[in-house]
Trainee: 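Handing you a structure now.
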Amino acid sequence: VSPRASTGMDSVRIVSRDQPFELGLLPPTAAIKLDLENLRKLCVLAKSRGDRGFPNLSFGVWKKWAVDVCKLSEDVAWEYFERFELLHDVSDDRRLLYSEKLLAAASEADIEKLRSRASVGTHEFMLYLYIQQHGSVSLRSNAASDVEWPVARVQEDVEGGATPYGERCYQTELHRTQFLVKNTADLLKLLVEPELYSAPDADVTVPLAGLAALDLLFDCSVGGQPVSIAKAATLQTEARMAGYSKITQSFTLSRLQTWFHARMAMVPPAPSGIEPRPLVNHGTARTVVCRVIKKTLMLGEDCCPGTTEAIVYKCNTAQIYILAPLKHVILTDCRNCTIVLGAVAGIVTMTHCRRVTLIAACRKLVCSHSDDCTLHLACATDPFLAESTQSILLAPYNTHYGRLTEHMRTANLLPALSRWDQPVCCIPRGPHAATASQMAPDAFHEFAVPFVVAGTTTTNPCPLPPAFATVVRQRVMLAKQLRDQLRRADVDDSVRHQFSAVVQGQFLQWLQDSGNLRQVSDLQAMESGRTD
């Protein structure tokens, strides 16, 4: 089945959404039993639990099934629930209310009570669980499918190669789209009423109400205007091909699948031409920072209007500051970097990074396939460490800038709520097991943002644990005592100048030995307006 070419302003176009795959997938080891057969059993169980299972699935029902059938821990079962919820509107005030209740919780038992009251849309959650198989198990259940997906070839530039970041995006979207096309039948079957599971294929129908769940995985438009898939499929020009019946308010499964394939948009080719080095694309719904090498980069609210997503990709030996309220952030393939983020309302994912220091206030932190990284976090939920995550050092949030408090308010983050020291590990045993530790208070240092951002925040708004706060106070007192001693010292001006020269010389030597001299040069160039 080929995608239909555009026939005019009223053409229907369906494309896959990035977020469920970029932010919502858990490790393959946690998705082994999330196939169609088992998920249909979960649907039957949900229906049998009345209003605790349908149309919204309670955490209690899901947790028992996940623990008994999938052999997941309760923490990982909650991770699925929490990650699914974070794929939705990150500005939802309900999250702030939940954070306030979580902050007031006096024990783990209180937290468990909070979780027991949570629920998610049953149909949407089934689709979310199904796509956990993406890239982790074979598609043998659909290997015999005759669905072919015609894709545009990668266009080569005059240098003979596709652009690195464009090629990555192209391959990612192609792989994702192929998975969804091959498994469309299974996705639609998860929307079928359980009593029709054993019916002949010709008699199976999908209720109109169930189609709303597909908006989790797909974006749909008619004539360029966004609409729901249910609305598009019931248009007068589309209803017949989609097998829609006004009388039963349902679709014939086989015809709906055919319609869906025909309206799926072709994956566009990777962009041609020479990609800038570094690539910094901002001012849109997604800010991209790519291949920043041995440079310092600062992006503020003027570069990230509103609440935007950000991707930081293949940066090396760089200092990157994105001081703006953000929706989600994806860090991939970075080495030897310091990355400071503004308040992130949703998820920060960190993948294939090495020797990276991350400073972030966020709702969720997910780290996988990374090693030797230091994470200074103000994290509203438990950090999630997946497979092949080695030598991760967790520490409290340690910086501030002028508008941080306002940005945290925009992101619905409470400065007083941070679970940086409560990581959840979902990893196999053996050489790929995650290893993480907490920073010792004596090793903790505050981080100074070297840019003036006008605002009211003058100190770190996130309270430090007592042991860390004590170390910081002691250092401040020691520095004050040293200044007082130097001020009271009975020496002439020549000795003072000599002492000052020695201190400056030692500091310059430290800058050279530590590699930080380049950062000072970068900051001087940025202040003078030079970019080379």
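In this chain, numbering begins with 1 at the start of the sequence shown. Just the heavy atoms: all of them, side chains too, but no hydrogens, waters or symmetry mates, feed the values below.
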Trainee: Under the criterion side-chain contact (heavy atoms from CB on, under 4.5 Å), I'd like the reasoning laid out for Q19 against H328: C-alpha separation, chi angles, the key distance, then a yes or no.
Mentor: CA-CA 9 Å; Q19 284 187 359; H328 301 292; 3.5 Å; yes
Trainee: Looking at every non-hydrogen atom in both residues, tell me the closest pair between P194 and C43 and how far apart they are.
Mentor: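 Heavy atoms only, the tightest pair is CG-O, 4.4 Å.
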Trainee: Are H134 and F179 close enough that their ring centres sit under 6.0 Å apart?
Mentor: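 Yes, ring centres under 6.0 Å apart.
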Trainee: How about H88 and F84: are their ring centres within less than 6.0 Å of each other?
Mentor: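 Distance test on ring centres: under 6.0 Å, yes.
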Trainee: Test side-chain contact (heavy atoms from CB on, under 4.5 Å) on Y397 and L377 and set out the steps.
Mentor: CA-CA 5 Å; Y397 190 75; L377 303 175; over 6 Å; no
Trainee: Measure the spacing between CG of L180 and CG of D186 and express it to the nearest 0.5 Å.
Mentor: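 CG of D186 is found 11.5 Å from CG of L180.
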Trainee: Is the side chain of S119 donor-acceptor paired with the backbone N or O of N56 at a distance under 3.5 Å, no angle test?
Mentor: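 The answer is no, because no donor-acceptor pair under 3.5 Å joins these two groups.
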Trainee: Kindly determine whether T234 and L208 satisfy side-chain contact (heavy atoms from CB on, under 4.5 Å), including the steps that lead there.
Mentor: CA-CA 9 Å; T234 54; L208 174 62; 3.7 Å; yes
Trainee: Can any side-chain N or O of Q249 pair as donor or acceptor with the backbone N or O of K246 at less than 3.5 Å?
Mentor: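 Side chain of Q249 to backbone of K246: a pair is present.
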Trainee: Regarding R363 and S99, is there a side-chain donor-to-acceptor distance under 3.5 Å anywhere?
Mentor: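 Yes, because at least one side-chain N or O of R363 sits under 3.5 Å from a partner of the opposite role on S99.
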Trainee: Is any side-chain heavy atom of L25 closer than 4.5 Å to one of Y128?
Mentor: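 Side chain of Y128 against side chain of L25, heavy atoms only: no contact under 4.5 Å found.
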Trainee: Tell me if a side-chain donor or acceptor on D215 pairs with a main-chain N or O of I229 at a distance below 3.5 Å.
Mentor: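 Yes; at least one donor-acceptor contact below 3.5 Å.
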Trainee: How far apart are the closest heavy atoms of A416 and L103, and which atoms are they?
Mentor: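 Of all heavy-atom pairs spanning A416 and L103, the closest is O-CD1, 3.5 Å.
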Trainee: Measure the spacing between NZ of K189 and CG of N183 and express it to the nearest 0.5 Å.
Mentor: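 Here the interatomic distance stands at 10.5 Å.
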Trainee: Report yes if some heavy atom in the side chain of V67 is under 4.5 Å from a heavy atom in the side chain of S73; otherwise report no.
Mentor: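 No. Closest side-chain heavy atoms not under 4.5 Å.
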Trainee: Between S58 and R52, is there a donor-acceptor pair closer than 3.5 Å when you use the side chain of the first and the backbone of the second?
Mentor: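 Here the side-chain-to-backbone pair exists.
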Trainee: Quick one: pull up CD in Q257 and CG in L187 and give me the separation to the nearest 0.5 Å.
Mentor: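 Between atom CD of Q257 and atom CG of L187 there are 9.5 Å.
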Trainee: Of the non-hydrogen atoms in A343 and L413, which two are nearest, and what is the gap between them?
Mentor: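 What the structure gives for the nearest pair is CB-CD1, 4.1 Å.
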Trainee: Is there a donor-acceptor pair under 3.5 Å between the side chain of H123 and the backbone N or O of A213?
Mentor: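 Not a single qualifying donor-acceptor pair exists.
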Trainee: Between L23 and T349, is any pair of side-chain heavy atoms under 4.5 Å apart?
Mentor: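 In contact.
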Trainee: Any ion pair linking E22 and R286 (charged N to carboxylate O, less than 4.0 Å)?
Mentor: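 Salt bridge between R286 and E22, a charged N being under 4.0 Å from a carboxylate O: yes.
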Trainee: Of all heavy-atom pairs between V312 and I322, which one has the smallest distance, and what is that distance?
Mentor: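 In this case the closest contact between V312 and I322 is CG2-CD1, 4.1 Å.
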Trainee: Without swapping roles, check the side chain of S48 against the backbone of L45 for a donor-acceptor pair under 3.5 Å.
Mentor: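 It does hold such a pair.
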Trainee: Can you tell me how far the SG atom of C315 sits from the CD1 atom of I339, to the nearest 0.5 Å?
Mentor: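 One gets 6.5 Å once the value is rounded to the nearest 0.5 Å.
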Trainee: Are the side chains of L191 and L214 in contact, using a 4.5 Å heavy-atom criterion?
Mentor: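 They are in contact (side-chain heavy atoms under 4.5 Å apart), so the answer is yes.
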Trainee: Using every non-hydrogen atom in the two residues, find where C373 and C353 come nearest and quote the distance to one decimal.
Mentor: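 Of all heavy-atom pairs spanning C373 and C353, the closest is SG-O, 3.8 Å.
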Trainee: Check whether T177 reaches the backbone of E173 with its side chain - one donor and one acceptor, N or O, closer than 3.5 Å.
Mentor: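 Present.
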Trainee: Would you kindly say whether N336 and R355 are connected by a side-chain donor-acceptor distance under 3.5 Å?
Mentor: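 There is such a pair (donor and acceptor under 3.5 Å, judged by atom type) between the side chains of N336 and R355.
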Trainee: Using side chain to side chain contact (heavy atoms under 4.5 Å, CB included) as the criterion, point out the one residue from I311, L331, L299 that pairs with V289.
Mentor: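 Per the side chain to side chain contact (heavy atoms under 4.5 Å, CB included) rule, the option paired with V289 is L299, out of I311, L331, L299.
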Trainee: Go through the steps to decide whether T184 and H261 satisfy the test side-chain hydrogen bond (donor to acceptor under 3.5 Å, both in side chains), and finish with yes or no.
Mentor: CA-CA 8 Å; T184 302; H261 284 166; 3.2 Å; yes
Trainee: What's the verdict on side-chain contact (heavy atoms from CB on, under 4.5 Å) for T338 and L358, showing C-alpha distance, side-chain angles and the deciding distance?
Mentor: CA-CA 6 Å; T338 297; L358 171 66; over 6 Å; no
Trainee: Under 4.5 Å between any side-chain heavy atoms of R117 and L114, yes or no?
Mentor: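 In short, these two side chains touch, coming nearer than 4.5 Å.
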Trainee: Would you please say whether a donor-acceptor pair under 3.5 Å links the side chains of R13 and S221?
Mentor: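 S221 and R13 do not have a side-chain donor-acceptor pair below 3.5 Å.
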Trainee: Check whether any side-chain heavy atom of M264 sits under 4.5 Å from a side-chain heavy atom of F260, and report yes or no.
Mentor: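 Yes. Closest side-chain heavy atoms under 4.5 Å.
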Trainee: Report the residue from F125, W78, Y80 that forms a ring-ring contact (aromatic ring centres under 6.0 Å, His included) with F59.
Mentor: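 Result: among F125, W78, Y80, W78 is the only option passing the ring-ring contact (aromatic ring centres under 6.0 Å, His included) with F59.
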Trainee: So which of K364, R115, K63 actually passes salt bridge (Lys or Arg N to Asp or Glu O under 4.0 Å) with E79?
Mentor: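 The passing option is K364.
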Trainee: Could you state the interatomic distance from OG (S245) to CZ (R255), rounded to the nearest 0.5 Å?
Mentor: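 The CZ atom of R255 is 10.5 Å from OG of S245, to the nearest 0.5 Å.
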Trainee: Taking the six-membered ring of F384 (Phe, Tyr or Trp), confirm whether the NZ or CZ of R83 is under 6.0 Å from its centre and within 45° of its axis.
Mentor: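 Verdict for F384: a cation-pi partner in R83.
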Trainee: Quick one, L188 and L256 - any side-chain contact, counting heavy atoms below 4.5 Å?
Mentor: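 A side-chain contact under 4.5 Å exists here.
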Trainee: Are more than 12 heavy atoms, taken from residues, nucleotides or ligands other than K231, located less than 6.0 Å from that residue's NZ atom?
Mentor: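 Result for NZ/K231: open.
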Trainee: Identify the two heavy atoms, one from R176 and one from S16, that lie closest to each other, and give their separation to 0.1 Å.
Mentor: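 Minimum heavy-atom separation between R176 and S16: NE-OG, 3.1 Å.
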Trainee: I'd like to know if R354 and D372 make a salt bridge, using a cut-off of under 4.0 Å between side-chain N and carboxylate O.
Mentor: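 Not counted as a salt bridge, because no side-chain N and carboxylate O are separated by less than 4.0 Å.
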Trainee: Counting distance only, does the side-chain N/O of D110 pair as donor-acceptor with the main-chain N or O of A106 below 3.5 Å?
Mentor: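 Side chain of D110 to backbone of A106: a pair is present.
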Trainee: If you measure from CG on L235 to CE on M241, what distance do you get to the nearest 0.5 Å?
Mentor: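 Between atom CG of L235 and atom CE of M241 there are 13.5 Å.
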Trainee: Are P415 and M408 side-chain neighbours, meaning at least one heavy-atom pair lies under 4.5 Å?
Mentor: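 The answer is yes; the side chains approach within 4.5 Å.
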Trainee: Give the C-alpha distance, both sets of side-chain angles, the deciding distance and a yes or no for side-chain hydrogen bond (donor to acceptor under 3.5 Å, both in side chains) between E238 and Y244.
Mentor: CA-CA 9 Å; E238 304 290 323; Y244 177 61; over 6 Å; no
Trainee: Using atom types as modelled and distance alone, determine if a side-chain donor or acceptor of D382 lies under 3.5 Å from a backbone N or O of V424.
Mentor: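 Here the side-chain-to-backbone pair does not exist.
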Trainee: Cation-pi check, R168 to Y313: give yes when NZ or CZ is under 6.0 Å from the six-membered ring centre and within 45° of the ring axis, no otherwise.
Mentor: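 Satisfied, under 6.0 Å and within 45°.
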Trainee: Has the side chain of S418 got a donor or acceptor atom that lies under 3.5 Å from a matching backbone atom of C379?
Mentor: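 Here the side-chain-to-backbone pair exists.
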